[in-house]
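Computation of the quantities below employed the complete heavy-atom set of this structure, encompassing side-chain atoms and omitting hydrogens, waters and symmetry-equivalent molecules. Only a predicted model underlies this, so the values are computations on that prediction, with no experimental measurement involved.
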Amino acid sequence: MVQRPRPPHRPRHDDTETTQGLRAGLALVAARPDDVLRIAFARELRHELVPLLRTAAAHSLDCRETTGAELDRIAGSGHHEGLLVEARPRRWLSSGELAELLVRVRGTALALDRVRNPYNVGAALRGAAFFGVDAALLGAPAPHPGLPPTAVRVAEGGVERVALARTTDLADTLGRLRSRGVKVVGTDGEAPEDALAFAFARPTVLVMGNEREGLGDRVRAQCDAVVAIRGSGAVESLNVAVAAGVLAAAMTRRR
């Protein structure tokens with residue numbers, strides 16, 4: 001049952017994650033209701049939260065209506081979009097579990113090599129989820145202990161729709177995936193292979209590099225192929241998240 005305000009959240013602990021954002025919060029509650037600990041929302045959003053409130057009632061969740069100012073205080077930010085969800089940390093796949101998933105479903109994954117900007121990480125995950133990519137692998141510096149709140153919010157629920165894995169040695173993890181029969185395709189704006197004409201195998205991992213530095217040498221050495229997105233030449237390159245979306249569409253189009 002929805003309760004009226006008292007302090008809606010305890011201070012955040014290391015064993016919890018707070019998700020900010022309307023779509024991100026709705027997706028979390030729908031996908032992982034048993035992990036949810038507390039919910040706080042702005043009263044003006046009540047009409048948009050009917051499914052969430054029903055789930056909260058069904059699972060006896062601590063769900064509280066409060067003011068925007070109080071949400072700002074709890075979040076330490078004004079970017080919460082009127083909804084905060086505190087939950088147990090999401091589960092990350094091991095490299096072995098990621099390999100098993102990709103081999104079992106003949107699936108696709110997006111890997112990010114040293115992509116640091118949380119807006120880019122979030123947008124890339126949103127695009128991956130939109131096009132039905134099965135998993136995402138975050139390479140060093142992998143967010144620890146979890147994704148930054150900004151990345152989760154920008155993903156608009158995408159982080160609940162793809163399986164997540166992380167590694168501090170992406171090249172080693174890619175090598176392990178290759179040993180299980182997963183193809184690794186890298187990206188480089190100067191590569192001769194046209195990404196939009198490329199025949200992606202299954203299962204496969206598409207690796208996006210840091211915008212300034214591209215793929216690391218050890219990561220590139222693990223690639224079975226390297227592809228490029230052809231443009232008009234009006235600008236040098238695409239934003240990494242935009243490029244990830246274009247390539248996710250190409251990688252999944254023959255599914």
Side-chain angles (χ1 to χ4, degrees), residues 1-93 110 118-136 138 143 145-166 241 245 248:
M1 179 177 295
V2 177
Q3 303 174 38
R4 291 294 173 179
R6 57 190 169 98
H9 286 258
R10 295 196 303 255
R12 182 177 174 178
H13 300 290
D14 291 340
D15 59 349
T16 67
E17 295 176 350
T18 299
T19 292
Q20 305 178 21
L22 179 59
R23 300 302 167 200
L26 289 172
L28 192 164
V29 174
R32 298 191 286 130
D34 292 338
D35 285 344
V36 175
L37 301 174
R38 280 164 291 278
I39 301 168
F41 64 93
R43 57 179 56 97
E44 58 268 25
L45 284 185
R46 175 178 282 276
H47 68 287
E48 296 187 58
L49 300 179
V50 172
L52 179 147
L53 297 177
R54 287 175 180 160
T55 300
H59 290 262
S60 301
L61 300 178
D62 181 355
C63 185
R64 307 183 187 282
E65 182 181 284
T66 188
T67 65
E70 179 64 6
L71 292 172
D72 290 350
R73 184 191 67 77
I74 298 166
S77 163
H79 300 298
H80 47 71
E81 300 173 0
L83 180 62
L84 297 176
V85 180
E86 187 177 353
R88 296 179 182 88
R90 69 187 67 255
R91 184 175 180 276
W92 296 79
L93 298 183
L110 173 68
Y119 288 92
N120 284 337
V121 173
L125 293 176
R126 180 179 182 178
F130 180 85
F131 287 110
V133 173
D134 298 288
L138 304 185
L147 285 165
T150 297
V152 177
R153 175 174 58 81
V154 171
E156 294 278 341
V159 298
E160 308 299 337
R161 307 303 182 191
V162 297
L164 294 173
R166 58 186 172 183

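- At least one side-chain heavy atom of L26 sits less than 4.5 Å from a side-chain heavy atom of L49.
- For the atom pair CG (L83) and CG (L52), the distance works out to 6.0 Å, reported to the nearest 0.5 Å.
- The heavy-atom pair separating R153 from G21 by the smallest distance is CG-CA, 4.1 Å.
- Smallest separation of non-hydrogen atoms from L71 and A42: CD1-N, 3.6 Å.
- Between H59 and V29, the closest side-chain pair of non-hydrogen atoms is not below 4.5 Å.
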Which is it for R88 and D15 under the side-chain contact (heavy atoms from CB on, under 4.5 Å) test, yes or no, and what are the steps along the way? CA-CA 6 Å; R88 296 179 182 88; D15 59 349; over 6 Å; no

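- Between the side chain of R161 and the backbone N or O of A31 there is no donor-acceptor pair closer than 3.5 Å.
- Rounded to the nearest 0.5 Å, atoms OG1 (T18) and CD1 (I39) are 12.0 Å apart.
- The two residues G82 and L45 come nearest to each other via the heavy atoms O-CD1, 3.4 Å.
- Going from atom CG of L22 over to atom CG of L84 covers 11.5 Å, rounded to the nearest 0.5 Å.
- With a 4.5 Å cut-off on side-chain heavy atoms, V154 and P118 do not count as touching.
- The environment of R23 atom CZ is sparse: at most 12 non-hydrogen atoms of other residues, nucleotides or ligands sit within 6.0 angstrom.
- For L28 against V85, the heavy-atom pair with the smallest separation is CD2-CG1, 4.0 Å.
- The CD atom of Q20 sits 7.0 Å away from atom OG1 of T150, with the distance rounded to the nearest 0.5 Å.
- Contact of the R90 side chain with the E160 side chain is registered, since non-hydrogen atoms from C-beta on lie closer than 4.5 Å.
- Shown here for G68 and H80, the closest heavy-atom pair between the two residues is O-NE2, 3.8 Å.
- Rounded to the nearest 0.5 angstrom, D134 CG and L110 CG are separated by 11.5 Å.
- Side-chain N or O atoms of R166 include none that pairs as donor or acceptor with a backbone N or O of L147 at under 3.5 Å.
- Contact between L53 and R46 at its shortest, heavy atoms only, is CD1-NH1, 3.8 Å.
- The distance from atom OG1 of T66 to atom CZ of R43, rounded to the nearest 0.5 Å, is 6.5 Å.
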